[in-house]
Undergrad: 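This is the structure I want to talk about, given as structure tokens.
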Amino acid sequence: MPAVPSLSLTRSTAVAAVVTAALAAGLLVGTSSASATEVRIHDIQGSTRISPLAGQPVAGVTGVVTGVRTYGSKGFWFQDPRPDADPATSEGVFVFTGSTPTVTVGDAVSVSGTVSEYVPGGASSGNQSITEINKPAVTLTSSGNPIPAATVISSRSVPGTFAPAGDPAAGGSINGLPLQPNKYALDYYESLEGMNVRIGTSRITGATDPYSELWVTVKPDERPTPRGGTLYNSYTSQNTGRLMVQSLVPIAQQPFPVADVGDSLTGTTEGPLDYNQYAGTYTVAARELGTVTAGGTTPEVTRKQKRSELAVATYNVENLDPTDPQSKFDKLAAGIVDHLASPDIVAIEEVQDNDGAKKDGVVSADVTVGKFIDAIVAAGGPRYEWRSIDPVDLADGGEPGGNIRQGFLYNPDRADFIDRSGGTATTATDVESKHGKAALTYSPGRIDPANAAWKNSRKPLAGEFTFRGRKVFVIANHFSSKGGDQGLDSQFQPPTRSSETARHQQAAVVNTFVKKIHAAQKNAEVVVLGDLNDFEFSDTAKLLTAGRALEATAYSLPVSERYSYVYQGNSQILDQILVSPTIKHYQLDIVHINAEFADQNSDHDPSVLRFRP
């Protein structure tokens, strides 16, 4: 099949160039005549993701209004109460008005306008398109009509296979493939695009976010975590039961419910099935929203390390800077003291400079860190000491001007830091042998900061510690984010993970450095940890552990407990701790205090590793 042309982001004009190219490629049927054609909604939707009438005017399209959106992308959905016999063709469609619609639910209307395929986020996002009618002329024919019966989305109706393989001739796109709603979950959801749908009582797998969204699963037995989430542990076997839920009722009229992972959305949730612009995923635009029933999920508390155990933790503190409210510092401090039991060493990521995200040349973070340490003391914890290296201004990614970096907090009553001066933002630390023992040339020191792998990303920080007379090398990391990757529900299947390239290079650099330490001292004990922005089963992790330089401690946990982050209803690992093979009999605990909760101090859960050096 010929390549599917790019789809326009513009809603207000017909996508003439797209239609011309698609007609030439044989992907669209019909003509490009300017005369409007009388059609039914299922004729507009067609049996693929792209309307066979895209770019064409239509007239007299009839149906009953099932949902009205008065905020954001304003418009309404309407549905033909007389469906055809083809399960692949949706009977509902969105009408983009651009202003507050004058129709109400239950109105029977006749709509004329131009059929469009709108790609939320733009063609480069890889998102699927939404079939719409633009420039509408709407005629009200009657009011108070019954709404077409909702299609129930359930564990029985959603197929277990996620998506078809994309067409190689179309660059991996599934847009031109015939929908098979009985075989593939993405095809099933697409066949319901714009239609009135219903879900029953469903487990909440993604907490309420700042945008008044939450995630549920209609498949309660699909990879459940012990705390009520849905585990993500494979690129090739996606969780098909996840759906996002929003409300069509403006927040000013009805506040969106606050829910945590493990709660349930009980009763009936019903409304049109949308494809969300920002999440790039299928969404129930709820006209009627169920009730949140608490599941009893509470923040975890880890045990205190024994006197002979070294406790090393990682915690992404999410763009911490002095302009944050004191409550954030206090809650993060309580996490360190009350939930992590005051680890001996804490690698913290996303520490911003002293005035936060301002492009003013400030790079020092002593005020940020000092405020955090004071909060820890006030919470009853130790007065940690701090080691880090200030970055070059605007060189390490993150919020522009924030100059995020990672660093070490350590309890001087429990562990000692070996200072070897000279390390700077651009000076690389190295490994040397002293009396048969490995040592860093600079401690703290950055690992190969000039390497292109770290362009616009955080450079790893290495430090030497001693605990009860034994030396431990600790390397704090914050690898490049997943920004730019295509979404799981992308039109390209499998989605492209373009951000992996940088993380693979970064993992190889860290692996090489660890091998240098082992070359200088075979039995050296090394801990590599931080926000790696990748999964325990990823190639990034495999490159880090290559040559048995390290092992991923995540595999010491039961599969269902391997997660530190919740994204789009998937519980997954981004934060990892890896150790050299010389470290044995360790205990890893991912302490769930943030990611599953609407009230978050950070979007990451911290992890702590306890072992005897």
Side-chain angles (χ1 to χ4, degrees), residues 209-210 299 312-340 342-343 345-411 425 444 457-461 463 476-481 529-533 564-565 574-575 591 593-595 597-608:
D209 65 19
V312 183
T314 176
Y315 198 174
N316 182 319
V317 293
E318 196 179 8
N319 293 322
L320 185 67
D321 72 71
T323 67
D324 287 325
Q326 183 62 42
S327 60
K328 178 172 181 177
F329 284 88
D330 294 341
K331 291 177 180 178
L332 287 170
I336 295 287
V337 178
D338 299 332
H339 297 274
L340 290 179
S342 300
I345 301 169
V346 185
I348 54 176
E349 301 88 44
E350 290 198 19
V351 176
Q352 292 196 346
D353 63 35
N354 288 336
D355 59 4
K358 295 181 181 179
K359 293 183 180 180
D360 56 5
V362 173
V363 295
S364 178
D366 58 307
V367 175
T368 307
V369 178
K371 192 172 180 179
F372 189 31
I373 292 173
D374 287 345
I376 292 172
V377 173
R383 180 163 291 280
Y384 284 101
E385 293 193 13
W386 166 256
R387 294 292 187 276
S388 187
I389 292 177
D390 293 336
V392 173
D393 189 34
L394 306 178
D396 281 17
E399 285 188 308
N403 292 311
I404 58 174
R405 83 290 311 272
Q406 58 269 35
F408 301 116
L409 293 174
Y410 70 97
N411 180 358
S457 187
R458 286 69 56 180
K459 287 68 176 172
L461 185 73
N477 302 272
H478 187 183
F479 286 2
S480 293
S481 78
L529 75 174
D531 178 2
L532 302 184
N533 271 312
S564 66
Y565 193 80
L574 293 185
D575 310 85
V591 187
I593 61 176
N594 291 316
F597 299 96
D599 182 13
Q600 297 181 343
N601 308 316
S602 165
D603 49 352
H604 293 251
D605 286 330
S607 301
V608 61

Undergrad: To the nearest 0.5 Å, how far apart are CG in D366 and OG in S388?
TA: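 Going from the CG atom of D366 to the OG atom of S388 covers 11.0 Å.
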Undergrad: Are side-chain heavy atoms of S364 and N403 found at a separation under 4.5 Å?
TA: no
Undergrad: Evaluate R383 against D374 for side-chain contact (heavy atoms from CB on, under 4.5 Å), listing each step before the verdict.
TA: CA-CA 7 Å; R383 180 163 291 280; D374 287 345; 3.0 Å; yes
Undergrad: Determine yes or no for a side-chain-to-main-chain donor-acceptor pair under 3.5 angstrom, with S564 supplying the side chain and D605 the backbone.
TA: no
Undergrad: In Å, rounded to the nearest 0.5 Å, how long is the span from CG of L461 to NE2 of H478?
TA: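 Output value for this atom pair is 14.0 Å.
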Undergrad: Measure the shortest side-chain to side-chain distance between S602 and V317 over non-hydrogen atoms and say whether it is less than 4.5 angstrom.
TA: no
Undergrad: Please check: side-chain N/O of N411 versus main-chain N/O of I345, any donor-acceptor pairing under 3.5 Å?
TA: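 No.
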Undergrad: Quick check: does any side chain N or O of S480 sit under 3.5 Å from a backbone N or O of S457, one acting as donor and the other as acceptor?
TA: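 Flag not set: sc S480 to bb S457 has no pair under 3.5 Å.
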Undergrad: Can a side-chain donor-acceptor contact be found between N594 and Y315 if the only test is distance below 3.5 angstrom?
TA: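 A donor-acceptor contact under 3.5 Å links the two side chains.
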Undergrad: Looking at K331 and D599, is there a salt bridge between them, counting it only when a charged N and a carboxylate O are closer than 4.0 Å?
TA: yes
Undergrad: Hey, could you give me the OG1/CG distance between T323 and D355, rounded to the nearest 0.5 Å?
TA: 8.0 Å
Undergrad: How long is the gap from CD on E349 to CD1 on I404, to the nearest 0.5 Å?
TA: 9.5 Å
Undergrad: If we only count heavy atoms from C-beta on, is the P343 to Y384 side-chain gap below 4.5 Å?
TA: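 Heavy-atom side-chain distance check passes, below 4.5 Å.
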Undergrad: When you check the side-chain N and O atoms of N316 and E350, is any donor under 3.5 Å from an acceptor?
TA: yes
Undergrad: Rounded to the nearest 0.5 Å, what's the gap from OG on S327 to CG on L332? Could you check?
TA: 9.5 Å
Undergrad: With the side chain counted from C-beta on, respond yes when N477 and L532 share a heavy-atom pair under 4.5 Å apart, and no when they do not.
TA: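 Yes, their side chains come closer than 4.5 Å.
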Undergrad: CD1/I348 to CG/L409 distance, rounded to the nearest 0.5 angstrom?
TA: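 Taking CD1 in I348 and CG in L409, the distance rounds to 4.0 Å.
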Undergrad: Without swapping roles, check the side chain of D324 against the backbone of D321 for a donor-acceptor pair under 3.5 Å.
TA: yes
Undergrad: Just one of R405, Q406, K459 clears the side-chain hydrogen bond (donor to acceptor under 3.5 Å, both in side chains) bar with D396, so which one?
TA: K459
